[in-house]
Number of protein chains: 2
Amino acid sequence: MAEKQLRRSLAILPMSTVMALTDLSARQIRYYETQSLVHPARNEGNRRRYSLNDVDRLLEVKDGLASGMDFATMRRLYAKTHQVESTQLESKRLSDERARHLLEAEMQQLAGMRPPQSGLQQHL
Amino acid sequence: MAEKQLRRSLAILPMSTVMALTDLSARQIRYYETQSLVHPARNEGNRRRYSLNDVDRLLEVKDGLASGMDFATMRRLYAKTHQVESTQLESKRLSDERARHLLEAEMQQLAGMRPPQSGLQQHL
DNA sequence: CTTCCATGTCAGAACTTATGACATGAAAGA
DNA sequence: TCTTTCATGTCATAAGTTCTGACATGGAAG
């Protein structure tokens, strides 16, 4: 089960992909970051690299805003869920090779299964 | 079911992400393209954009090569499976908005389910 | 010994992302 | 109503990434 969390926290998606997945502008995505609502990793070249967890988060923020919720509230809300998030640090310790294989599995899921009950599906 | 195929054929992944997912070099990935083994889309800026189907394909090619199979053989092999691939054209007709939502669902799957039986899982 | 293959590597041009600053319409206050 | 604050848009400049084409190379195949 730890693997699932790891897969989702592998940060390999660039801004353009996240924009496509969330339908948010780069400006919005970066702004939410300044509001401490997402914490993308950075590659060697200082480019933001998002994980699927980050994408989920952004979609939640998007929903929250649409629902009139403010950032402070969302920050507080997320604080609870963040206990698990420390797993993200763990992924950084994995060799690239290992990480790749984990994400491969994760991407594979895309193939065709029933969506669980987290953030993204609400947007369907 | 048509949606599933659409999701997997949404091309939004850049070279760097594909490199991370396949553990192949950019050179290899582009070379396989010259061998007609993958056909990534291009964005407005002429940058390659891969779909999850493309990633799967690349992993299959990688396996094929490791098994001593040659490109011509793989090309022939894939020809069969390509009937379905025309669906990719269909995705281009979808509005961006629509496409995004489809891929969101697809990405959502990553959340946590049992992997099906296609290419990627063989690499785990 | 000579070719062909699959990759590596390099160079220059074009595209993308990063940061910081200025602008703005809509809310919220005063 | 006048004034801030908020969430975004838009610009400019710098730096990172990807593209294509070309030259190089170790190992297979002849």
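Below, read A as the first sequence line, B as the second, and so on, with proteins coming before strands; counting in each chain starts at 1. Being a predicted model, the structure only gives us computed values, none of them experimental.
Between Leu65(A) atom CG and dT8(D) atom P the separation is 6 Å, expressed in whole Å. For the pair Met15(B) CE and dT16(C) P, the interatomic distance rounds to 14 Å; values are reported in whole Å. At whole-Å resolution of the value, CZ in Arg30(B) and C1' in dC19(D) are 6 Å apart. With rounding to whole Å, Met19(B) atom CE is found 11 Å from dT17(D) atom P. The nearest whole Å value for the distance from the OH atom in Tyr32(A) to the P atom in dC6(D) is 15 Å. For the pair Met69(B) CE and dC5(C) P, the computed distance is 18 Å after rounding to whole Å. The nearest whole Å value for the distance from the CZ atom in Arg47(A) to the P atom in dC15(C) is 17 Å. The separation between Ile29(B) atom CD1 and dA6(C) atom P is 16 Å, rounded to whole Å.
Residue Arg48(B) places its side chain closer to dC19(D) than to any other of dG9(D), dC19(D), dT17(C). Candidate nucleotides dT20(D), dT19(C), dA6(C) were compared by shortest atom distance to the side chain of Arg42(B), and dT20(D) ranks first.
Between dT8(D) and Tyr31(A), no contact under 4.0 Å exists linking OP1 or OP2 to a side-chain N or O. Here Asn43(A) does not reach the OP1 or OP2 of dT17(C): none of its side-chain N or O atoms lies under 4.0 Å away.
Under the 3.5 Å distance criterion, the side-chain polar atoms of Asp63(A) are left unmatched by any main-chain donor or acceptor of Glu60(A). Panel note: side chain Thr17(A), backbone Leu13(B); no donor-acceptor pair is recorded below 3.5 Å. The main-chain N or O of Ser25(A) is never found under 3.5 Å from a side-chain atom of Arg27(A) such that the two would form a donor-acceptor pair. For Lys62(A) (side chain) and Leu24(A) (main-chain N/O), no donor-acceptor pair under 3.5 Å exists by modelled atom type.
By the 4.5 Å heavy-atom criterion applied to side chains, Phe71(B) and Val61(B) are counted as neighbours.
Of the residues near DNA chain D, Asp70(A) and Glu44(A), the one whose nearest nucleotide (by heavy atom distance) lies more toward the 5' end is Asp70(A). Map Ser25(B) and Arg49(B) each onto its nearest nucleotide of DNA chain C; the residue landing nearer the 5' end is Ser25(B).
Put simply, the side chain of Arg27(B) and the base of dT9(C) share a donor and an acceptor less than 3.5 Å apart.
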